[in-house]
Structures are given as structure tokens and as C-alpha cells.
2 protein chains.
Amino acid sequence: MFTLSDSIEDYLKKLLSLSSRYYVDIRRYELSRKFFCAPSQINYVLSSRFSPERGYLVESRRGGKGYIRIYRLEPLQSRTWMEMVEQLTSADFNPVKAMQFLKRGSEEKIITQREARLLETMLKDDLYNGLPVMKAQVHALQSKLFKAAIAEVLKECY
Amino acid sequence: MFTLSDSIEDYLKKLLSLSSRYYVDIRRYELSRKFFCAPSQINYVLSSRFSPERGYLVESRRGGKGYIRIYRLEPLQSRTWMEMVEQLTSADFNPVKAMQFLKRGSEEKIITQREARLLETMLKDDLYNGLPVMKAQVHALQSKLFKAAIAEVLKECY
DNA sequence: ATGTATATGGTCAGTAAAGGTCAAACATGC
DNA sequence: GCATGTTTGACCTTTACTGACCATATACAT
């Protein structure tokens, strides 16, 4: 059930939570040896699981003494989070990205897990099957529903 | 008269009842081999016999190390709620009726007010404007979304 | 300073391993 | 014969992972 990527993700998150600072430094090659995988696997994990949408920031330096530094970003205020969601224009809206926002929102207690799951429902493409519309239109609709629902949920915060 | 689908259904239900958890994980291809059938047969069984209306919920992950997870929903506390939802079949589904259910649900503390507002958003017809579909189709979609979302909440009754 | 070797990390296309969809064929009961 | 439910296969999408090739920083000798 658990993929290599999942294990590496867990390992890095554990490192972060054990660290007294906001970031951890790793060596790409070393880490890849630890998990018996290709170095580029590390990049895959970083880009699929430590994206800004999910509340992380990655910086790195090449060459001798090179490193990769992973920051856990400051938890967002619900207002900021909502603004970020609203700024997703329907052009760059896609369910995967939206899902990442949900994950961050629930991790940072802006919305509850149940609310996250409810919102996730709107993003499940298969519910929209059978409609005589193209995928882009489905995404546009999802985007509208998604944003409207989040606004509703957070309404009382203002 | 037992069909292949019936056997697969039985098999999965047995798995569920033997499991100490409230879900089971399967691999689609493996299962299809076990029953000497096409992989898509499994999807047919899942959609015809393990729908939310029947008290089940299915989630899955594609790609390497993918899986299908089948949840058995707990009917106890939520039986009445479930029955109400079942009445909202897409034929006679209408947003007004659904809204009334929501109201009752939040009064009876099955869902929070925030959740009720979230779900209400799905029922707002004007969000669906611009789609080249008839009202009936919009309602069918709303019904699907609504039911899937409710099932999501019920999943947590354990 | 300059050049070169060494040590990092980055990118991207390709492959593999899942699961999803849909329409058409088939079967069964009325 | 028709309606309904079952089964299949061709084609699609997503996710995980690797390797060849690329870019950049440091170390060190000259």
C-alpha cells in the first residue's frame, strides 16, 4: 500500500517535525542511498508532495557542498488561504491543485477534515460523467462550485 | 441464478465482514484474475452493488501501487438520514427538497451549520449557468454530488 | 587569476504499473 | 421481441520511478 515516495515523504516530514527550526537540509544523493533509489526520485517526491500549495518551499544549491533545504511554511490565516484559493483562475484551476489546497487547509485547521472531504467530492471527475461537455468545462464548473463553497464555509470568519 | 457479478459481490462482502476494519483493499487486476474475467468487470460490480445508496463507498488510486478501497458504511445512527437521502433519487430530486433535508440534518446535529452551508452551495442553480445542458441534467448532477458528499460524512460515523 | 577536476543538484522523456470509461455484444426473463 | 442486466475489450488517465544528459558550485593546482 505504501509506495517508496510515501516513505520518503514520511521520513522528511518526521525530520521537519523533529527539527527545532523551520527547515531541514538534506543531501540528495545520501537520501537516495538510504532509500535505495535513483537520486531523481527525491526530486519527484519534492515536486509531488512538497509543493507550495501544500505549504512547503524547497530551495537548493548545486555543486560541492550542495544541499536541498525544505521549509515548512508558516500556517496561513484563513483569510489568506481563501484569497489564495480565490486567485485560482479557472484557467489554472485543476482538481489536483485544488486537492492540495484542501490538504493544507485541513492540516492548518482552517477547515475541518470532514469539510475537506466534502469539498473533495466536488472535485471527483467521475461524478460529472455523462454530461455532454468537455473536460475544460467540467473544471470551470468545479472551480466555481469549489470557490463558492469555501466562501460559504468561511463566511463567519469575517 | 447466480451471475459472475453476484459471486464477486459475495466475495467482497465476505472480505468486508471478515475484516476487523471497516474497509478492505483490493487490486483490480488480481481480483479479475481470481474470477477469470475482464478487469472492468470489477468496476461494474462496484458501481452496481457497492454504491452509496446501498451503504458502501469506494475510493481508489491509480498509477503504480494503485488500489481500490471499499468502505462499508455504518447504518446505525445514520439510518434515517440515509433513507432520506435515498429518496432524493435523481428522478424526483430537486434542490428545494434537498435544502429541507439539510436543514433537518443540521437541526439534528448530524452535520454542522458550516457543512450545511457548504452543501447548500452545490444546490445553487445559478452556479451551473453557462453549461449547455437542461435543468434536469443539472439536477441529476446536483443529486449525484449531494449524495456522494453525504456518503462522505457518513463514512466517519465509526 | 585561471583552468580543470570533482561534487553536487536539476530536467525531462520514457517506461511501467496501476485503475477508469464507454460502447458494443451478449444473456435472460417477461 | 423488448427491456434490463451482464460481460468484454479497446482506449484513456494517473502515478511512480529511472537514467541519460545538463548546470553549477567548490577545490586545488598552476
Side-chain angles (χ1 to χ4, degrees), chain A residues 1-12 23-51 54 57-70 94-100 103 120 123-136 138-139 142, chain B residues 1-12 24-51 53-54 57-70 144 148:
Chain A
M1 247 298 295
F2 277 102
T3 66
L4 175 55
S5 294
D6 290 334
S7 322
I8 299 175
E9 176 186 5
D10 286 351
Y11 173 76
L12 291 174
Y23 62 85
V24 286
D25 288 334
I26 56 165
R27 308 318 266 311
R28 188 176 78 148
Y29 183 74
E30 247 177 45
L31 190 53
S32 75
R33 286 299 77 199
K34 186 179 195 103
F35 285 94
F36 303 102
C37 63
S40 54
Q41 174 75 27
I42 307 302
N43 298 82
Y44 175 69
V45 173
L46 292 175
S47 64
S48 62
R49 287 138 161 98
F50 291 85
S51 62
R54 284 166 82 145
L57 203 97
V58 175
E59 65 180 32
S60 61
R61 212 165 94 186
R62 303 184 183 190
K65 301 268 172 66
Y67 62 87
I68 296 177
R69 178 167 295 177
I70 306 167
N94 72 69
V96 176
K97 220 178 192 177
M99 220 96 90
Q100 298 193 336
K103 190 138 191 218
E120 213 177 306
L123 303 174
K124 290 196 176 139
D125 284 3
D126 56 319
L127 293 171
Y128 301 80
N129 286 345
L131 258 58
V133 298
M134 284 172 306
K135 202 165 195 175
V138 168
H139 286 178
Q142 285 174 321
Chain B
M1 198 57 216
F2 280 99
T3 66
L4 174 54
S5 292
D6 291 331
S7 324
I8 299 175
E9 176 186 5
D10 287 349
Y11 174 77
L12 290 175
V24 286
D25 288 332
I26 56 164
R27 302 329 257 317
R28 189 177 78 147
Y29 183 74
E30 253 177 39
L31 191 54
S32 75
R33 287 299 75 200
K34 187 177 195 102
F35 285 93
F36 304 101
C37 63
S40 53
Q41 176 76 28
I42 308 302
N43 297 81
Y44 176 70
V45 173
L46 291 175
S47 64
S48 62
R49 286 137 160 99
F50 291 84
S51 60
E53 286 88 342
R54 299 192 180 210
L57 206 105
V58 175
E59 63 182 33
S60 61
R61 195 158 123 182
R62 297 189 185 185
K65 304 268 170 68
Y67 62 88
I68 296 177
R69 177 168 295 175
I70 307 167
K144 267 206 251 181

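A, B, ... follow the sequence lines: proteins, then strands. Residue 1 opens every chain.
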For [X] and [N], what is the distance between atoms [atom1] and [atom2] respectively, to the nearest whole Å?
| X | N | atom1 | atom2 | answer |
| --- | --- | --- | --- | --- |
| B:L46 | D:dT7 | CG | P | 14 Å |
| A:I68 | D:dT24 | CD1 | P | 16 Å |
| A:D25 | C:dT8 | CG | P | 14 Å |
| A:L131 | C:dT21 | CG | C1' | 15 Å |
| A:I42 | C:dT8 | CD1 | P | 15 Å |
| B:F2 | D:dT6 | CZ | P | 12 Å |
| A:N43 | D:dC22 | CG | C1' | 13 Å |

Enumerate the protein-to-nucleotides 1-3 of chain C contacts in which both atoms are nitrogen or oxygen and the separation is below 3.5 Å.
none

Problem - Under 3.5 Å donor-acceptor pair, A:R27 side-chain atoms to C:dG9 base atoms - result: no
Problem - Test item: A:L4 and B:K65 side chains (from C-beta on) under 4.5 Å apart, heavy atoms - result: no
Handout entry: Nearest-0.5 Å distance that lies between atom CG in A:L46 and atom OG in A:S40
Key = 11.5 Å
Exercise for the section: Kindly compute the distance separating NE2 (A:H139) from CG (A:L123), expressed to the nearest 0.5 Å. Expected result: 9.0 Å
Exercise for the section: Could you tell me whether the side chains of A:D6 and A:T3 share a donor-acceptor contact shorter than 3.5 Å? Expected result: yes
Practice task
Tell me, please, which residues at least two apart from B:R28 pass side-chain hydrogen bond (donor to acceptor under 3.5 Å, both in side chains).
Solution key: B:N43
Handout entry: 5' priority, DNA chain C, between A:I26 and B:E30 [closest heavy atom]
Key = A:I26
Problem - Sugar-phosphate or base contact per nucleotide [nucleotides 12-18 of chain D; S, B, -; heavy atom under 4.0 Å] - result: -BBBBSB
Minimum heavy-atom distance [X]-[Y], with the two atoms named:
| X | Y | value |
| --- | --- | --- |
| B:F50 | B:V58 | O-CG2, 3.9 Å |
| A:S48 | A:Q100 | O-NE2, 3.8 Å |
| B:R49 | B:R54 | O-CD, 3.6 Å |

Problem - Degree of bending in the helix from C:dA1-D:dT30 to C:dC30-D:dG1 once both end axes are built from five pairs, to 10° - result: 0°
Problem - Counterpart residues, ring-ring contact (aromatic ring centres under 6.0 Å, His included), relative to B:F35 (two or more places apart) - result: B:Y11
Handout entry: Pairing residues for A:Y44 by the ring-ring contact (aromatic ring centres under 6.0 Å, His included) criterion, not counting sequence neighbours
Key = none
Handout entry: side chain to side chain contact (heavy atoms under 4.5 Å, CB included) assessment of B:I26 paired with B:I42
Key = CA-CA 10 Å; B:I26 56 164; B:I42 308 302; 4.3 Å; yes
